[in-house]
Amino acid sequence: MNGAAGVHTCATSREAVPVTDFEYIEDVYESIVSYAGSGRFVYERYEDLKRGNLLNDPDSPGCRFVREKFPQYWKEAQVLDAHGLF
């Protein structure tokens, strides 16, 4: 697996990657909040797109990554930004 081009928080693979282990989490949101609070997880929000200027820098690796991998979130962020809701 390789890090996504210019995005150091993700890994991608051209091949199928077998699942070797898993952990069932009863309440995912609560776990995310807990992990974020202890610094074990970085929870990026729409505001992070704005703060990182990703919405206005279409050539940045982060912009391309979010736009390609999370198109629905990208569209929602654009609407929020267009209406001054960030």
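Basis for what follows: all heavy atoms, side chains included, without hydrogens, waters or symmetry-related copies.
Summarising the local packing, CZ of Arg40 is surrounded by more than 12 heavy atoms from other residues, nucleotides or ligands at distances under 6.0 Å.
Between the side chain of Ser31 and the main chain of Asp27, a donor-acceptor pair closer than 3.5 Å is present.
Heavy-atom minimum distance, Cys63 versus Pro58: SG-CA, 3.5 Å.
To the nearest 0.5 Å, the span separating CH2 on Trp74 from CD on Glu68 amounts to 10.5 Å.
In the hydrophobic cluster analysis, where Ile, Leu, Val, Met, Phe, Trp and Tyr join through side-chain heavy atoms closer than 4.5 angstrom, Tyr73 is grouped apart from Val79.
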